[in-house]
Novice: 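Could you have a look at this structure, given as C-alpha cells, before my questions?
In what follows, every chain begins at residue 1, and chains take the letters A, B, ... in the order their sequences are listed.
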Amino acid sequence: MPRITLPDGSLRRYDQAPSVAEVAADIGPGLARAALAGRVDGRLVDTDFRISGDAELAIVTARDAEGLEILRHSTAHLLAQAVQELFPGAQVVIGPVIEDGFYYDFAYERGFTPQDLKRIEARMKELARADLPLSHETMARDDAVEHFRSIGERYKAEIIAGIPKDEPITLYGQGGWKDLCRGPHVPSTGRLKAFKLTGTSGAFWRGDSSNEQLRRIYGTAWADSKSLKSYLKRLEEAAKRDHRRIGADLDLFSIQEEAGGGLVFWHPKGARIRRVIEDFWRDRHQRAGYELLFTPHIALEGLWQRSGHAGFYRESMYSPVEDEGRGYQLRPMNCPFHILIYRDRLRSHRELPMRWAELGTVYRREMSGALHGLMRVRGFTQDDAHVFCAEEQIEDEILRILDLALEVFGAFGFEEFSTVLATRPEKAAGAEAIWERATRALESALKRKEMKFALDPGGGAFYGPKIDIKIRDAIGRQWQCSTVQLDFNLPERFGLEYVAADGSRRRPIMIHRALLGSLERFFGILIEHYAGRFPFWLAPVQIAALAITERQEAYARRVSGTLKKAGFRVECDLRSETIGYKIRHHTLQRVPCLLVLGDREEREGAVAVRSLEAGDLGSMPLDDFMARVTAEGLGSLQGISENQLPGGHQYRSKEADSSQRRN
RNA sequence: GCCGGAAUAGCUCAGCUGGUAGAGCAACGCAUUCGUAAUGCGUAGGUCGUCAGUUCGAAUCUGACUUCCGGCACCA
C-alpha cells in the first residue's frame, strides 16, 4: 500500500505499486501529457518507474530545469539515431547536455556538412513525429561491453569498460535503436517538439588533442517552439553585440590581414576610448599607491632562462631575434623587468610594500585557431602590476587590490563578479607552510571584502595560490579579467631580498596582478557589454553639433569650439543633409548627445539637446547645457546619466584639464 | 594546431550548370537649405583573398597557401 506524498504536501494511497505516469494521470490529464520523468525521494526516474513503497514524488516536466535537461538528453539520442540511420558506419561516442542544448560526438570517416545537418534534422523530425516509445533495459557490464563490441561500437565499449563493475548498465532505445545511458529519458519521441541542430565541430576523443578526432554535432532543444524561438532570438541579439561587428561599424579597431592575425590596430575612435581607459587607470593606480613603470619589449634570452619562462613558457614565446651573436626575446610577460628594477639596488623593509604597475605590451604565440577578435590576440597590453611585500603584508595588499579592482570595474558598469580561490597544486614551488599561510591570507582578504568565492583546490599556479575574478556583463556572460597571483618562485630565482628591521636579509613575496586583464580584451568586453552605446565619459564622440542648414554653420562651429575647449569630444556636422539624416547617422554611431542647431537656437544662444537614451530633451541655453554636463555630473541632464564615476570623482573634468594642457 | 565552412567595391550581398562583373548603403560632386532616425541627381570605386593548375576561355572547376567564421584543443 504505497503512500505517495506530492510536492504540495498532499497524500495519495495506492493498492499496488503505481508507475510515475499513472500517478501523473491520476492528478490530471494535463500533467500526464507533460510528465517527462519523476523524482522519487530525490532520485530521477523514468515515467514507467513503479513506486513500490511510501515515497515522495514530484512529476518532472519541461518546466523544471531537470525536465529540460532530460528533454535535451533525449534529443541528443534522437540525433544519434538519425545519424546512425543516415550514415551507416558512424559510431556513437558521447552525447551530453550542455547549456541551452546538447551535442553528440560520433566517430565517422568524414565531418558532417551543413547539408548533412539539414538531412539529419529532417530525419529527427520524422522520428519525433512517429512518437516512438522509449524502452530501457539493464545489462551486466560485461554483456554490455560485448554487445557494443559486437556491433562495432568500439568507443561505447570502451566507455562501459570504464564504469565500475558493480554499477548496473542501462540501455535506452527507441524504434530498434539503442544506446548506453544512465537515463532517465522522456517516455516517447513525440515529446521532443522544439529542437534545432546548430552546428558541427571537430572534437577530440577524451578531450585530448593527441587522440583521434571525432565529429561533433551541436543542437538545442526546448519545451516548446516559443522557447526555441526566443532562444534563437537571444542568440541573434548577442550577435548584434559582437565587438567585431560594432568595432567595424563604429570604426574603432581592425585586424589587418597584411600584418597578420591577432594583431590589433586601434583606429582614432578606438584609440580615444583606450586613452580614456588608460588615463582613468593611471589615475586610480596613482591614488592607490602604485608607481608607474615603463620597461622594454625585448630582452636577452638569458633573462628568460633565469625567470624560467624559456622553459615552461616556451610554447607561447616567439623565437628570439639574433644580434651580434646574442638572442633577444620578445617579451610574453612583464614580470622579469619589474624584478630587475627591484633588484637594481638593496631594498629596505621600510620601502615595502612596493607597488609597481605598467601598461605592458606583450606578445604571445597563440595557435591560429585560437584567435578571436579582440578577445584572443597575439599582441596585447596587460594592465599589469607587481607588488613586492613581506609575507605579513600579503593580506592587506590583497585587500587593497580587491578594493581597487571593484572600484575600477564599478566605473565601467560591472557590479557582479564570480571569484575563485585556487590553492596549492601537487607540484609546487615553495614550502608547504608558506603556501598554507599565504592561502589563508588570500581567503581572509576575500572574507573581509565580503566577496563570495569558490575554492579550486589544487588549481593554483606552481609558484603560488591565486584569486581569479570573472565579471558578468549586461547580458549575463562571464569574462575572466582579473587575476591576483602570489609568487614564491621568481623572488627565489632572482635572489630578491630586503633588509629587515633586525638587519637580516629576507626574501620578499611577489604578487602579480592584472585587473582588466588586457586592454584589447577588456575593450572587446566593454563594446559587447554596452553594445557600443558607451557611457558619456567613454564615448569616442560625446557630443555632435548638427547644423540644420548652412545658415547655422558659424554658430555650430562656435558651439562645438566652446565645447571642445571645455574638454569634450565633439563632432560638428555641417553637411548639406537634412536634420533627420544627421540625427540618424549620429544615432547609428551611438553618439550619446546630439545638439540640434537651427535659427531659433542661434537667435537665443541655445542648443536643442537630444540624448541617445531619452530622445529630444528640448532647447536650453548653451551655458546651461555646459553647466549641466560639466558640473554636478552630467546626470542632471535626463538620459545622460552614466557620466559620473563612482566615488564622487568626476573623471571627465580632469580629462578636460589635461586636454587643455595639451593645447 | 585539428574538424567543418567562408572569402566578389569601404559595408551587406547578387552573379544558374565556365564565355573576363552588378545592386543597395557608404564615399565623392552638383543641386537642395530642410526642425528630431534616410532629399534628389550624378561620379568614382573591383588584378572577384594569394599563387599554381585544368581549359580556346576561370569570379565560377582542382590544388596549395593566407585570413576570417563556428567549434575542439590551447589560454586565463
Novice: Take a 6.0 Å sphere around CZ of A:Arg241 and say whether it holds more than 12 heavy atoms from other residues, nucleotides or ligands.
Specialist: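 Counting other residues, nucleotides and ligands, CZ of A:Arg241 exceeds 12 neighbours.
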Novice: What residues, two or more places apart in sequence or in another chain, satisfy ring-ring contact (aromatic ring centres under 6.0 Å, His included) together with A:Phe204?
Specialist: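 Testing A:Phe204 for ring-ring contact (aromatic ring centres under 6.0 Å, His included), a comparison that skips the adjacent residues, returns none.
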Novice: Pick the closest RNA chain B nucleotide for A:Gly261 and for A:Asp616 by heavy atoms, then say which residue is nearer the 5' end.
Specialist: A:Asp616
Novice: Could you give me the stems involving RNA chain B, meaning stretches of three or more consecutive Watson-Crick or G-U wobble pairs whose two defining distances are both below 3.5 Å?
Specialist: B:1-7 with B:66-72, B:10-13 with B:22-25, B:27-31 with B:39-43, B:49-53 with B:61-65
Novice: To the nearest 0.5 Å, tell me how far A:Ile527 CD1 sits from A:Asp473 CG.
Specialist: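 Answer for the CD1-CG pair, A:Ile527 versus A:Asp473, is 12.5 Å.
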Novice: Indicate for each nucleotide in nucleotides 38-49 of chain B, in 5' to 3' sequence, whether protein heavy atoms under 4.0 Å reach the base (B), only the sugar-phosphate (S), or nothing (-).
Specialist: BB----------
Novice: Could you run down the sub-3.5 Å N/O contacts of the protein with nucleotides 15-17 of chain B?
Specialist:
none

Novice: Under the ring-ring contact (aromatic ring centres under 6.0 Å, His included) criterion, do A:Phe488 and A:Tyr463 qualify, and how do the steps go?
Specialist: CA-CA 6 Å; A:Phe488 312 132; A:Tyr463 48 78; 8.8 Å; no
Novice: Charged N to carboxylate O under 4.0 angstrom, A:Glu415 versus A:Arg472?
Specialist: no
Novice: When the nearest nucleotide of RNA chain B is assigned to A:Arg215 and to A:Arg575 on a heavy-atom basis, which residue is associated with the more 5' position?
Specialist: A:Arg215
Novice: With rounding to whole Å, what would you report as the distance between B:A21 and B:U60 at their P atoms?
Specialist: 13 Å
Novice: Specify the separation, in whole Å, of atom CG of A:Leu235 and atom C1' of B:C69.
Specialist: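 Rounded to the whole Å, the gap is 15 Å.
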Novice: Give the residues of residues 596-603 of chain A touching RNA chain B, defined as any heavy atom closer than 4.0 Å, sorted by residue number.
Specialist: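 Per residue number, the list reads A:Val596, A:Gly598, A:Asp599, A:Arg600, A:Glu601.
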Novice: With a 3.5 Å cut-off and sequence neighbours excluded, list the donor-acceptor pairs that the side chains of residues 420-429 of chain A form with protein atoms.
Specialist:
| residue | atom | partner | partner atom | Å |
| --- | --- | --- | --- | --- |
| A:Thr423 | OG1 | A:Gly458 | N | 3.0 |

Novice: With sequence neighbours excluded, give me every ring pair (Phe, Tyr, Trp, His ring centres under 6.0 Å) pair touching residues 570-614 of chain A.
Specialist: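 Found none.
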Novice: Would you classify A:Ile579 as touching base, sugar-phosphate or nothing, given that sugar-phosphate means primed atoms plus P, OP1 and OP2, and contacts are heavy atoms under 4.0 Å?
Specialist: sugar-phosphate
Novice: Mind checking side-chain hydrogen bond (donor to acceptor under 3.5 Å, both in side chains) for A:Gln84 and listing every partner two or more places apart, or none if nothing turns up?
Specialist: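 Scan of A:Gln84 (side-chain hydrogen bond (donor to acceptor under 3.5 Å, both in side chains), adjacent residues dropped) gives A:Glu153, A:Trp177.
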Novice: Going by the rule ring-ring contact (aromatic ring centres under 6.0 Å, His included), which residues pair with A:Phe417 if we only count those two or more places apart in sequence or in a different chain?
Specialist: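 With sequence neighbours excluded, A:Phe417 shows a ring-ring contact (aromatic ring centres under 6.0 Å, His included) to A:Phe409, given in chain and number order.
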Novice: Answer with base, sugar-phosphate or nothing: what part of the nucleic acid does A:Leu588 contact at a heavy-atom distance below 4.0 Å?
Specialist: base
Novice: Could you pull out all residues at least two apart from A:Tyr231 that satisfy ring-ring contact (aromatic ring centres under 6.0 Å, His included)?
Specialist: A:Trp222
Novice: Can you spot which of A:Phe534, A:Trp479, A:Phe522 makes a ring-ring contact (aromatic ring centres under 6.0 Å, His included) with A:Phe412?
Specialist: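 Result for ring-ring contact (aromatic ring centres under 6.0 Å, His included) with A:Phe412: A:Phe522.
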Novice: Could you check whether A:Ala248 gets within reach of a base, just the sugar-phosphate, or nothing at all, counting any heavy atom under 4.0 Å?
Specialist: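 Since no nucleic acid heavy atom lies under 4.0 Å of A:Ala248, the category is nothing.
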Novice: Are a donor atom and an acceptor atom from the side chains of A:Thr483 and A:Asp468 found within less than 3.5 Å of each other?
Specialist: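 Their side chains do contain a donor-acceptor pair, which is all the 3.5 Å distance test asks for.
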Novice: Which pair of non-hydrogen atoms, one from A:Arg215 and one from A:Tyr108, has the smallest distance, and what is that distance?
Specialist: NE-O, 3.2 Å
Novice: Report all side-chain donor-acceptor pairs from residues 379-387 of chain A shorter than 3.5 Å, counting only partners two or more places apart or in another chain.
Specialist:
| residue | atom | partner | partner atom | Å |
| --- | --- | --- | --- | --- |
| A:Thr381 | OG1 | A:Arg274 | NH2 | 3.2 |
| A:Thr381 | OG1 | A:Thr361 | OG1 | 2.8 |
| A:Gln382 | OE1 | A:Asn334 | ND2 | 3.1 |
| A:Asp383 | OD1 | A:Leu515 | N | 3.3 |
| A:Asp383 | OD1 | A:Leu516 | N | 3.1 |
| A:Asp383 | OD1 | A:Gly517 | N | 2.9 |
| A:Asp383 | OD2 | A:Trp281 | NE1 | 3.0 |
| A:Asp383 | OD2 | A:Leu515 | N | 3.2 |
| A:Asp383 | OD2 | A:Leu516 | N | 2.9 |
| A:Asp384 | OD2 | A:Asn334 | ND2 | 2.8 |
| A:His386 | ND1 | A:His338 | ND1 | 2.8 |
| A:His386 | NE2 | A:His512 | ND1 | 3.2 |

Novice: For each nucleotide in nucleotides 71-76 of chain B, reading 5' to 3', give B when a protein heavy atom comes within less than 4.0 Å of its base, S when such contact involves only the sugar-phosphate, and - otherwise.
Specialist: BBBBBB
Novice: Does B:C68 have OP1 or OP2 sitting under 4.0 Å from an N or O in the side chain of A:Arg244?
Specialist: no
Novice: Under 4.0 Å: is that the gap between some side-chain N or O of A:Arg551 and OP1 or OP2 of B:C34?
Specialist: yes
Novice: Rounding to an integer number of Å, can you tell me how far A:Ile217 CD1 sits from B:C3 P?
Specialist: 17 Å
